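The next block holds one structure in the form of structure tokens; read it before the comments.
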2 protein chains.
Amino acid sequence: MLEFAVLGLLAESPLHGYELRKRLNSMLGTLRAFSYGSLYPTLRRMQARGWVTADDDSGRSGRSKVVYSLTAEGKERFAELLDEAGPSAWEDETFSVHFSFFAQTDPEARLRILEGRRTRLEEKRERFRGAATRTRQRVDRYTLELQRHGLESVDREVRWLNELIETERAEKTPRTTNAPAPRAAEDEQHSPP
Amino acid sequence: MLEFAVLGLLAESPLHGYELRKRLNSMLGTLRAFSYGSLYPTLRRMQARGWVTADDDSGRSGRSKVVYSLTAEGKERFAELLDEAGPSAWEDETFSVHFSFFAQTDPEARLRILEGRRTRLEEKRERFRGAATRTRQRVDRYTLELQRHGLESVDREVRWLNELIETERAEKTPRTTNAPAPRAAEDEQHSPP
DNA sequence: TTCGTCATGTAATGGGTTACATGATTAC
DNA sequence: GTAATCATGTAACCCATTACATGACGAA
């Protein structure tokens, strides 16, 4: 995860650790704050694997600054991860990182990830609703309220994903096209408006 | 965290591991799913510390079932944690667990936790907004959209907390009372309706 | 008889945090 | 001169996951 994010940021431009961390944390908005204790060891590991190079940039000032850049292998690895779009990409935080790099992601992969995420959330919701009704426990109002709020959050994200998916699809087919509209039925499986 | 949750569930009634896990996961709604790999070792640790006892309940059937119950120390420890309401209680997941046990929590502690959580979210939001405006990076629309959605989520939770806090306060002072209304000014610090 | 789910656990590993240690540079 | 923030790192620890191993019970 950290690794993936670092690859993505370095793919844009070389950076040193401190700056990298700031970007990392602003990139993921409110949901994460990596510490140096994980960042620097990660950079080392990546260096050992040949994904990044560490160049000492003590150019003008005597201040030590280590600038990390992606190697060719690093870029390759990043491209690989971008395209994976597998189950790991639907998880909360991994999804966010993937989403951050959507501008660099293949449109097909984007759709796969968005849809995968949506399906995952819907499964989660159903599993939860099921459990809640089966085991009709006498839960107090606080627990109930927490669950209600949780479900509402999930619903909200699903709606958000629906909009994004629509947008993505619209861009893929900019209104002309007599293309065979593959698997069009799937469109109706999810939360009809 | 797991420990705290386990203490709380066992405070209601003795349970065996399997059932405990189910309750745990339904309690936390959509946001967590503990595995046995963490549950059982935790139960062992708690047993070693004298917080729970493990009784073999192979009563009617030969099927092995280990029923865990809270000891007096366990109850004490739980009460302690309930009352802590410190900074750790404002963190995402810890907050959820605390909230789940609000029915058993002192009204004052409830308010402290809700307000602490709100302040924490507001700080997070401000820090983030600040960072976003200071470093005016040319971020692509996806990154922007992710951030927008993130901020909206935070706003939504703050509004939710506001309602909960209002309710808590209203219940504390059921309309009579000429009490000195301590620090009433603070009420206006947060997101006016 | 086979499938789902109940039931208990372990070993290896992962992916991070906290706290610490150090020091240069910039702004007031 | 002093506080904030830039800048790099390490060591100890924590809390959990994944994958594995095992097996009984009930329902179809």
Side-chain angles (χ1 to χ4, degrees), chain A residues 1-7 14-26 28 31-49 52 54-68 86-88 91-94 96-97 127 130-131 134-135, chain B residues 1-7 14-26 28 31-49 52 54-68 86-88 91-94 96-97 127 130-131 134-135:
Chain A
M1 247 227 45
L2 217 195
E3 221 168 72
F4 183 29
V6 167
L7 283 172
L15 292 168
H16 58 268
Y18 191 87
E19 178 68 17
L20 197 49
R21 190 203 174 220
K22 278 205 311 187
R23 300 256 181 124
L24 228 40
N25 295 338
S26 85
L28 293 179
L31 12 90
R32 206 95 182 42
F34 290 102
S35 63
Y36 297 120
S38 50
L39 178 58
Y40 286 114
T42 297
L43 284 166
R44 288 282 160 104
R45 226 183 313 128
M46 293 170 74
Q47 199 185 345
R49 287 178 191 165
V52 302
D55 302 300
D56 198 63
D57 171 30
S58 310
R60 20 175 107 295
S61 60
R63 193 201 211 124
S64 70
K65 249 189 191 181
V66 183
V67 175
Y68 297 92
S88 75
E91 298 310 311
D92 297 319
E93 301 195 340
T94 318
S96 296
V97 179
R127 237 184 306 114
R134 265 201 308 279
T135 70
Chain B
M1 248 228 46
L2 218 195
E3 221 167 73
F4 182 29
V6 167
L7 283 172
L15 292 168
H16 58 270
Y18 190 86
E19 178 69 17
L20 198 47
R21 191 204 172 220
K22 278 204 312 185
R23 299 257 181 123
L24 228 39
N25 294 339
S26 85
L28 293 179
L31 13 88
R32 206 94 180 45
F34 290 103
S35 63
Y36 297 121
S38 49
L39 178 58
Y40 285 115
T42 296
L43 284 167
R44 287 281 160 103
R45 226 185 311 129
M46 295 172 72
Q47 199 186 347
R49 288 177 191 167
V52 303
D55 302 298
D56 198 63
D57 172 29
S58 309
R60 20 177 106 297
S61 60
R63 195 201 212 122
S64 70
K65 250 187 187 178
V66 183
V67 175
Y68 297 91
S88 75
E91 298 310 312
D92 296 319
E93 301 194 338
T94 319
S96 295
V97 178
R127 237 184 308 117
R134 267 201 309 277
T135 71

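In this text the structure is predicted, and so the values were computed from the model without any measurement. Order of the sequence lines fixes the chain letters, A, B, ..., with proteins taken first and strands second; residue numbering starts at 1 for each chain. Values below: all heavy atoms of this structure, side chains included; hydrogens, waters and symmetry mates excluded.
- In terms of position on DNA chain C, the residue among A/Arg45 and B/Val66 whose nearest nucleotide sits closer to the 5' end is B/Val66.
- Computed from coordinates, the B/Tyr68 OH to C/dG9 C1' distance equals 9 Å when rounded to whole Å.
- Straight-line distance from the OH atom of A/Tyr36 to the P atom of D/dA12: 22 Å, rounded to whole Å.
- In this structure, NZ of B/Lys65 is placed 13 Å from C1' of C/dT5, rounded to the nearest angstrom.
- Minimum heavy-atom separation, B/Pro41 to B/Tyr36: CD-O, 3.6 Å.
- Across all strands, A/Arg44 comes closer than 4.0 Å only to sugar-phosphate atoms, never to a base (heavy-atom distances).
- Between D/dT5 and A/Arg21, no contact under 4.0 Å exists linking OP1 or OP2 to a side-chain N or O.
- Computed from coordinates, the A/Glu93 CD to D/dA16 C1' distance equals 13 Å when rounded to whole Å.
- Proximity note for A/His16 (side chain, C-beta onward) versus D/dA7, C/dT8, D/dA16: the nearest is D/dA7.
- Note that OG1 of A/Thr42 and CG of A/Leu2 are 4.5 Å apart. Values are rounded to the nearest 0.5 Å.
- Of the candidate nucleotides D/dC6, C/dG16, C/dA7, D/dC6 has the atom lying nearest to any side-chain atom of A/Lys22.
- As a whole-Å value, the separation of A/Leu24 CG from D/dT8 P is 14 Å.
- Looking only at side-chain heavy atoms (C-beta outward), B/Leu39 and B/Phe34 stay at 4.5 Å or farther from each other.
- We find that CG of A/Leu20 is positioned 10 Å from P of D/dT8, with the value rounded to whole Å.
- Between A/Leu24 and A/Ala5, the shortest heavy-atom contact is CD1-CB, 3.7 Å.
- In this structure, the CD atom of B/Glu19 is 10 Å from the P atom of C/dT8, given to the nearest Å.
- Look at A/Arg49 and A/Glu3 and you find a salt bridge, because one of the NZ, NE, NH1 or NH2 atoms lies within 4.0 Å of a carboxylate O, short of that distance.
- Within 4.0 Å of B/Ala33, counting heavy atoms only, lie sugar-phosphate atoms of the nucleic acid but no base atom.
- The CE-C1' distance, from A/Met46 to C/dG15, rounds to 15 Å in whole Å.
- As judged by a 4.0 angstrom heavy-atom cut-off over every strand, B/Gly37 is placed among the base-contacting residues.
- Nearest nucleotide to the side chain of B/Ser35, out of D/dA16, D/dG9, D/dT18: D/dT18.
- Side-chain nitrogen and oxygen atoms of B/Ser38 include none within less than 4.0 Å of the OP1 or OP2 phosphate oxygen of D/dC15.
- Comparing D/dT5, D/dT10, C/dC6 against the side chain of B/Tyr18 picks out C/dC6 as the nearest.
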